[in-house]
2 protein chains.
Amino acid sequence: MEKSSSITTFEEHLEKRYGQEGEEKRMAFEAKAKAFAIGELIKEERRLSNMTQEQLATKTGTKKSFISRIENGKSDIQLSTLYRILELGLGKKISFTIE
Amino acid sequence: MEKSSSITTFEEHLEKRYGQEGEEKRMAFEAKAKAFAIGELIKEERRLSNMTQEQLATKTGTKKSFISRIENGKSDIQLSTLYRILELGLGKKISFTIE
DNA sequence: TCTTTTGTTCCATTATTCGTTAACTTTACG
DNA sequence: CGTAAAGTTAACGAATAATGGAACAAAAGA
């Protein structure tokens, strides 16, 4: 049985976009790791706030299935989505630092 | 003459997505402000690196027109795009802090 | 164990980014 | 000034995030 050719995971997406060689491969890995890390961050904050995925979804105008995908790093989300979840949903402030 | 109904700016996008009332309006404003802020950040770093938009575009596998859109906050970019520009393009490390 | 709640995955549809070209505008500089 | 370089904007197709629903899986509680 052949695997479906459609891209369903962030990992596959990155592999396709960045390829599999050298610097670009490393970049892809880091981007994936960061999506994961952000997902974990959201999950952690949500649990600290004693919320279910469904409650967070309702608060941010989406569905629990979407929250689940984000928390598991399976989607390459937009910045506004990140803000919406963290600020509107969890009441946190997020800031970027570049070094 | 009627204005086109298609959404072309991040501002319009947010207005449509979040509506125009109370908390949600505030959120939309802040998201817009952040897109702008990140664009400014990128522009600043690019100039410090003495690069043109075209050079940054080439380095990140895109075109100067896209870089321009990002720097002016006209696009709600994906996280992977943010990483690609800042890390692959400008050699910076980016980290998130939530408070 | 059984039941309920919570979380995950899959599918189809819609909306929007991304990539690109071309035309235009602004800035830099001779 | 005039010209070239740099930056902006619009428009388009293609790729894909966002969305909603449903079915399934896992965890929690009685």
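All chains are named by letter (A, B, ...) in the order of the sequence lines, taking the proteins before the strands, and each is independently numbered beginning at 1. This is a predicted model, so every value here is computed, not measured.
With rounding to the nearest 0.5 angstrom, the OG1 atom of T60(A) is 7.5 Å from the CD1 atom of I70(A). Rounded to the nearest 0.5 Å, atoms CG (L56(B)) and CD1 (I85(B)) are 5.0 Å apart. Atom CD1 of residue I98(B) and atom CG of residue L86(A) lie 5.5 Å apart, to the nearest 0.5 angstrom.
Taking both residues in full, the closest heavy atoms of A57(B) and K63(B) are given as CB-C, 3.3 Å, listed atom of the first, atom of the second, then distance. Shown here for M51(A) and L90(A), the closest heavy-atom pair between the two residues is CE-CD2, 3.8 Å. Looking at every heavy atom in both residues, L79(A) comes nearest to F96(A) through CD2-CZ, 3.8 Å. Looking at every heavy atom in both residues, Q55(A) comes nearest to N50(A) through OE1-O, 3.8 Å.
One can place CD1 of I77(A) at 18 Å from C1' of dA15(D), the figure rounded to the nearest angstrom. Atom P of nucleotide dG7(C) and atom NZ of K74(A) are separated by 15 Å, given to the nearest angstrom. In this structure, I70(B) atom CD1 and dC18(C) atom C1' are separated by 9 Å, rounded to whole Å. Note: CZ (R84(B)) to P (dT16(D)) measures 12 Å, nearest angstrom. Between the CD atom of E40(A) and the P atom of dG7(C) there is a distance of 13 Å, given to the nearest Å. Atom CG of N50(A) is separated from atom P of dT5(C) by 17 Å (rounded to the nearest Å). Taking atom CZ of F66(A) as the reference point, atom P of dA12(C) lies 20 Å away to the nearest angstrom. As rounded to whole Å, 14 Å separates atom P of dC18(C) from atom OH of Y83(B).
The residue I67(A) sits apart from the nucleic acid: no heavy atom pair falls under 4.0 Å.
Partners of R69(B) according to the salt bridge (Lys or Arg N to Asp or Glu O under 4.0 Å) rule, which considers only residues two or more places apart in sequence or in another chain, do not exist here. With sequence neighbours excluded, the residues that form a side-chain contact (heavy atoms from CB on, under 4.5 Å) with E40(B) are K43(B). Partners of K92(A) according to the salt bridge (Lys or Arg N to Asp or Glu O under 4.0 Å) rule, which considers only residues two or more places apart in sequence or in another chain, are E45(A).
Scanning atom types as modelled, no donor and acceptor separated by under 3.5 angstrom connect the side chain of R69(B) and the base of dT16(C).
For dA18(D), one of the phosphate oxygens OP1 or OP2 lies less than 4.0 angstrom from a side-chain nitrogen or oxygen of S75(A). A close approach under 4.0 Å does not occur between any side-chain nitrogen or oxygen of K63(B) and OP1 or OP2 of dC18(C). Checking the phosphate oxygens (OP1, OP2) of dC18(C), a side-chain nitrogen or oxygen of Q78(B) falls inside 4.0 Å. At the phosphate of dG20(D), neither OP1 nor OP2 sits under 4.0 Å from any side-chain N or O atom of S65(A).
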Tabulated below should be each protein N or O lying under 3.5 Å from an N or O of nucleotides 27-30 of chain C; please produce it.
none

N/O to N/O distances under 3.5 Å, protein versus nucleotides 2-7 of chain D:
{"unit_1": "dG7(D)", "atom_1": "OP1", "unit_2": "R46(B)", "atom_2": "NH1", "d": "3.0"}
{"unit_1": "dG7(D)", "atom_1": "OP2", "unit_2": "Q53(B)", "atom_2": "N", "d": "2.7"}
{"unit_1": "dG7(D)", "atom_1": "N7", "unit_2": "K64(B)", "atom_2": "NZ", "d": "2.9"}
{"unit_1": "dG7(D)", "atom_1": "O6", "unit_2": "K64(B)", "atom_2": "NZ", "d": "3.4"}

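E71(A) pairs with exactly one of R46(A), R47(A), K64(A) by the salt bridge (charged side-chain N to carboxylate O under 4.0 Å, His left out) rule, that one being R46(A).
Residues T81(A) and D76(B) form no side-chain contact, since every pair of their non-hydrogen atoms from C-beta on lies 4.5 Å or further apart.
Taking the C1' atoms of five terminal pairs at each end of the helix from dT1(C)-dA30(D) to dG30(C)-dC1(D), the two resulting helix axes are inclined by 60°, rounded to 10°.
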